[in-house]
Every structure is written in C-alpha cells, then in structure tokens.
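See below for the structure under consideration.
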2 protein chains.
Amino acid sequence: MKAKEVLKDYVAKNATLTDEQFEYFFSHFELQNFKKGQVIISQGSIVDSEYFVISGCLKSFFINEELKMFILQFAMPNWWASDFEALYNHTKASTSLDCITDAEVLCLSNANREKICSEIHAVESFFRWRTNKGYVASQKRLLSFMNNNVKFRYEELLNLYPQLYNLVPKNLIAAYLGVSRETLSRLYHT
Amino acid sequence: MKAKEVLKDYVAKNATLTDEQFEYFFSHFELQNFKKGQVIISQGSIVDSEYFVISGCLKSFFINEELKMFILQFAMPNWWASDFEALYNHTKASTSLDCITDAEVLCLSNANREKICSEIHAVESFFRWRTNKGYVASQKRLLSFMNNNVKFRYEELLNLYPQLYNLVPKNLIAAYLGVSRETLSRLYHT
DNA sequence: CGGTTAAGGTGACCTACATCACATCTTAGG
DNA sequence: CCTAAGATGTGATGTAGGTCACCTTAACCG
C-alpha cells in the first residue's frame, strides 16, 4: 500500500475530510526513507518536524549521564513520533529518534501542521484527537509502571505488539520496560 | 478572584478569543463546590465531565486489587482533571477523582466540550494545545520514573509544587512517587 | 474534654532487580 | 568464508526499596 493510502485510511477512521481536503492535507507531508540505524532526531538538536510511520520501526529514546538508554516509544506503522516538547516549544530535543529497521515515514513540519490546523477545522480536530490518544496511552503506561512488575509489563507489551518479539532485540525491550537486559533474560530462562 | 476571571486569564495565555466568544465558551461550564474528601469520579462509574480547578486540590488515583493506591495527578488551581480515557471513549472510569481539600471547580461536560470545539475553531485549537501539554508532562514524568531514584523525584515534585509539602499528607506524596510511605519517611529521617 | 483516628517515624527482615564478569552463539561486512 | 561486533544466557554478589510491627504525636469530633 502506498504511503498516501496508509495515511488516508488512518485519517478516515478519525476525521471526516473530503477528497480535496485530504489531497491538500497530504500535500504538506514529505515522504522520506531511512536506513536501519539512521538517526532522525538527536538529543540536543533542534526539532522541526513530526513523523508518521508508514513501514518499519523507530524508537524514541533518552540517554542519561551514565550512558544508560531508556526507550519512550517504539513507533510502528500508523504511529506518530517526534520530541513533541521540543517541537512545540522550539527548544532543543531532550530525546532522540532513530530507526530500528529500514523505515518509510511521512514528515510533517511544525509550521505545516499549524498551517493546516488553522486552515481546516476538521484537521485541527483530528490532531486534538490524536494527541489525546497519546496522552491516554502515556498515562496508562505510567500506571502500569507503578502497579505491575517486569514480567507483567513485558507480557502486556507483547500482547499489544506481538511483532516486537522478533523484530526488536531484547536489550531494547529491556530499555523500554526500564530494567536491565539480564533481568529480562532471567524472566523465562534460569 | 472569581472563577470566570481565573479561566479567562488561563485561556487568554494560550488562545485568542473575543470577549463575546469567551462569554459563550464560559456559558458551557458549571461552577461546583466540593468539600474535603468528597468523591467526584469513582472507579467503575460513568464519566461525563472534565474539571478545571479554581481553588483547592484534587487527586486522581487508582486503587489496585490489593487496595494499594497510586496517584496519577495532583490537580491544583489552573489544572484540568478527569478520567480522560473513560470520558472520550464513553467507557467506565478506571481511575477515581476526589478532593484533598475543599475545592471550587468548573465542570465541562464531554458533550459541551465537543459542541464548543466544533462551533469555535479557536476553542478546538485551545484544547489541542492543552492536551498536548498534558501529554508532554506525562512523558516527562514517565522518563523521570525510569531514570531517577525516589529522592530525586521527591525533590523534583516539591520544586514544581512547593505548596504540596504542607498541603498534602506524606502518604499521598508517596503514592504519587510510587513508593511506600516508610521509604519516603526514611529519605530525610533515620 | 476525652477518645478515636490519621499522620508520621523507625527497627528488623525480605525480595526484586542491578551490576559485573564471563561464556556462547549469531550475523553482517569485507 | 572469516572475523568482529552484536545478541543472549547465567553465576555471584550488592542494594534500594518493600513489608510488617509497633510507637508517638497531632487533629478532629461528639
């Protein structure tokens, strides 16, 4: 399926745009291809776009002073990724974004998003919906973090994204769950 | 300061509404007064409104099977609170909301929010901004949870809301930080 | 004003997970 | 096809924070 159709299907589920409106909306995106390992946003740099994943898998992550990595999000097809704080506040990125696999993404600049949001009310509404969905997901993850142990959270993650099991190395899964790779390994072995 | 002015100042910082538009916007809210300890939303019930805090302090929380409480948010003046997942998806609340102190809030129903969002583009934009702010705050908290120990997170919380130190009992602070009250107590005593 | 309940502190002990060290095994490039 | 780097498993040991038990002090209410 072509990138345009992927986005169109996604939008159609949550907003009502005419074909012309969608064409205009879509004209503000730029299709980009990245290779496995390529960095899209890096900590400390300026961020001016957000990314809608068509194919492949990205990760948004943070590396602390001791060089330990924490993964905030695995971005699979139909997900959005960026450093939204830096993007909206025009500050430097506090997190990075890179490619776990080769990936195809649609890039939308901050300026273009604000432009189409102000031009088309339904688009503004669509982005409000999307952001709300992200907020709710983030709150759920926080709650699960406080309430559940590693094993539960690991199985919860695999239930939600079964593809991750084969796609992503275990050390990255551990960095998402907030535990060491050794502990994750010991959940089912030893 | 009256409730209307509190909301007006808050909105003015992040959206451009004419006085008439604001009056109309405001007419969709209902002022409510609650006593300390009163429950606004309880786990398992239907949610149909969100709340903007004028004065006092609320908490949104979750109680698990072992009756352990986790606090998702302390809602201080100028903050919004609800169970947003239940509110948007018309499902039953998975979290509760109650009053730590006597509180004055502006109540906005889901139906009214959607109504004014669709009627006034600037209002839709305002709510997109607000939701984005909540999302960013939630991601930051998650990251801090993974990256920092209890002492750091406690000091971070008190830096952000110094009022909490005297306003809220330590067992609630502990439930927000995700540790036992004993551990929190031992940070500075013993 | 007296009694009940909430808030807070602290000792003893337990457990989940971290860290370090090292041993395979797999895989992508040259 | 060979080799270095990445991915994974596992033992030994350390530690932050949990749990339980009990005590003191403060606050609220009939």
Side-chain angles (χ1 to χ4, degrees), chain A residues 34-39 56-57 59 61-71 74 98-103 142-158 163-190, chain B residues 35-39 57 59 61-71 74 98-102 142 144-158 163-190:
Chain A
F34 292 104
K35 289 281 166 203
K36 176 175 176 174
Q38 222 176 326
V39 176
C57 180
K59 68 174 192 284
F61 61 101
F62 171 79
I63 293 184
N64 73 7
E65 323 72 51
E66 292 114 41
L67 303 184
K68 203 166 148 178
M69 177 196 294
F70 300 94
I71 294 183
F74 290 116
D98 72 11
C99 301
I100 296 180
T101 65
D102 290 358
L142 183 64
L143 196 52
S144 184
F145 220 95
M146 296 200 279
N147 191 22
N148 304 121
N149 64 17
V150 181
K151 187 165 186 177
F152 188 95
R153 272 154 40 220
Y154 181 52
E155 288 168 2
E156 186 176 55
L157 177 66
L158 291 184
Q163 329 88 291
L164 283 181
Y165 187 81
N166 291 311
L167 191 62
V168 172
K170 301 286 170 290
N171 61 330
L172 296 185
I173 305 266
Y176 179 90
L177 296 173
V179 292
S180 67
R181 56 163 207 87
E182 291 94 331
T183 297
L184 183 62
S185 165
R186 277 190 261 259
L187 287 181
Y188 294 94
H189 305 273
T190 307
Chain B
K35 289 283 166 199
K36 176 176 175 172
Q38 221 176 327
V39 175
C57 180
K59 67 175 193 284
F61 61 101
F62 170 79
I63 294 184
N64 73 8
E65 323 72 50
E66 293 114 40
L67 303 183
K68 203 166 149 179
M69 177 196 296
F70 300 93
I71 295 183
F74 291 117
D98 73 9
C99 301
I100 295 179
T101 66
D102 290 358
L142 183 64
S144 184
F145 220 94
M146 295 200 278
N147 191 21
N148 304 122
N149 64 17
V150 181
K151 187 166 186 177
F152 188 95
R153 271 151 44 217
Y154 181 51
E155 289 169 0
E156 186 175 55
L157 177 67
L158 291 184
Q163 329 87 289
L164 283 181
Y165 187 81
N166 292 310
L167 190 62
V168 173
K170 300 287 171 288
N171 60 331
L172 296 186
I173 305 267
Y176 179 90
L177 297 174
V179 291
S180 67
R181 56 163 206 86
E182 290 95 330
T183 296
L184 183 62
S185 165
R186 277 190 261 260
L187 287 181
Y188 295 94
H189 307 272
T190 306

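Each chain gets a letter, A, B and so on, in the order the sequences are listed, and its residues count up from 1. Values in this document were obtained by computation on a predicted structure and should not be read as measured data.
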Looking only at heavy atoms, what is the nearest atom pair of B:Cys57 and B:Leu167, with distance?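 Scanning both residues, the minimum pair turns out to be CB-CD2, 3.8 Å.
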Smallest separation among heavy atoms of A:Val179 and A:Val150, with atom names: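 Where A:Val179 meets A:Val150 most closely, the heavy atoms are CG1-CG2, 3.1 Å.
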In terms of the angle between their ring planes, are B:Phe74 and B:Tyr176 parallel, tilted or perpendicular, with boundaries placed at 30° and 60°?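 Rings of B:Phe74 and B:Tyr176: parallel, as their planes differ by under 30°.
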Mapping B:Pro169 and A:Val150 to their closest nucleotides on DNA chain C, which lands nearer the 5' end?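 Of the two residues, B:Pro169 wins.
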Identify each donor-acceptor pair in which a side-chain atom of residues 61-69 of chain A lies under 3.5 Å from a protein atom, sequence neighbours left out, and give them as a table.
| from | atom 1 | to | atom 2 | distance (Å) |
| --- | --- | --- | --- | --- |
| A:Asn64 | OD1 | A:Glu66 | N | 2.9 |
| A:Asn64 | OD1 | A:Leu67 | N | 3.2 |
| A:Asn64 | OD1 | A:Lys68 | N | 3.0 |
| A:Asn64 | ND2 | B:Asn147 | OD1 | 2.8 |

Looking at NZ of B:Lys59 and OG1 of B:Thr101, how far apart are the two atoms once the value is rounded to the nearest 0.5 Å?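 The OG1 atom of B:Thr101 is 11.0 Å from NZ of B:Lys59, to the nearest 0.5 Å.
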Separation between CZ of B:Arg181 and CZ of B:Arg186, rounded to the nearest 0.5 Å: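 Reported value, rounded in 0.5 Å steps: 9.0 Å.
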Separation of [X] atom [atom1] from [N] atom [atom2], in whole Å?
X        : N      : atom1 : atom2 : result
A:Asn171 : D:dA5  : CG    : P     : 17 Å
A:Leu184 : D:dA7  : CG    : P     : 14 Å
A:Lys170 : D:dG6  : NZ    : C1'   : 14 Å
A:Ile100 : D:dA7  : CD1   : P     : 11 Å
A:His189 : D:dG11 : NE2   : P     : 12 Å
B:Leu67  : D:dT19 : CG    : P     : 13 Å
A:Asn166 : D:dT8  : CG    : P     : 11 Å
A:Met146 : D:dG17 : CE    : P     : 16 Å

Look at the side chain of A:Arg153 and the backbone N and O of A:Ser144, then say whether any donor-acceptor pair between them is shorter than 3.5 Å.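 Not confirmed, A:Arg153 side chain does not pair with A:Ser144 backbone.
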Under 3.5 Å, side chain of B:Gln38 to main-chain N/O of B:Lys35, donor-acceptor pair present?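 Confirmed, B:Gln38 side chain pairs with B:Lys35 backbone.
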Please name all residues satisfying ring-ring contact (aromatic ring centres under 6.0 Å, His included) with A:Phe145, sequence neighbours left out, ordered by chain then number.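 Listed in chain order: B:Phe145.
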Quick one: what's the B/S/- string for nucleotides 21-30 of chain D, heavy-atom cutoff under 4.0 Å, read 5' to 3'? B---------
Side-chain heavy atoms of A:Phe34 within contact of A:Asp102, under 4.5 Å: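 No, their side chains stay 4.5 Å or more apart.
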What side-chain hydrogen bond (donor to acceptor under 3.5 Å, both in side chains) pairs are there with at least one residue in residues 165-174 of chain A, not counting sequence neighbours?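 Pairs touching residues 165-174 of chain A that pass the test: none.
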Boundaries of the chain A footprint along DNA chain C (any atom under 4.0 Å from a heavy atom):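 Result: C:dC17 to C:dA21.
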Identify which one of A:Ile173, A:Ile100, A:Leu172, A:Leu177 satisfies the side-chain contact (heavy atoms from CB on, under 4.5 Å) criterion when paired with A:Ile71.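 The residue from A:Ile173, A:Ile100, A:Leu172, A:Leu177 that satisfies side-chain contact (heavy atoms from CB on, under 4.5 Å) with A:Ile71 turns out to be A:Leu172.
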If you compare every side-chain N and O of B:Lys68 against the phosphate oxygens of D:dG18 (OP1, OP2), does one of them come in below 4.0 Å?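 Result: no.
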5′-ward residue of the pair A:Val168/B:Ser180 relative to DNA chain D: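 With A:Val168 and B:Ser180 compared, the 5'-side residue is A:Val168.
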Inter-end axis angle, the helix from C:dC1-D:dG30 to C:dG30-D:dC1, with every axis fitted to five base pairs (rounded, 10 degrees):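 Computed from the C1' atoms at both ends, the axes differ by 50°.
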Heavy atoms from C-beta onward define the side chain here; which of D:dT8, D:dT10, D:dG18 lies closest to that of B:Val179?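 Given the options D:dT8, D:dT10, D:dG18, the side chain of B:Val179 is closest to D:dG18.
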So what does A:Gly37 touch, heavy atoms closer than 4.0 Å: a base, only the sugar-phosphate, or nothing?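 No contact.
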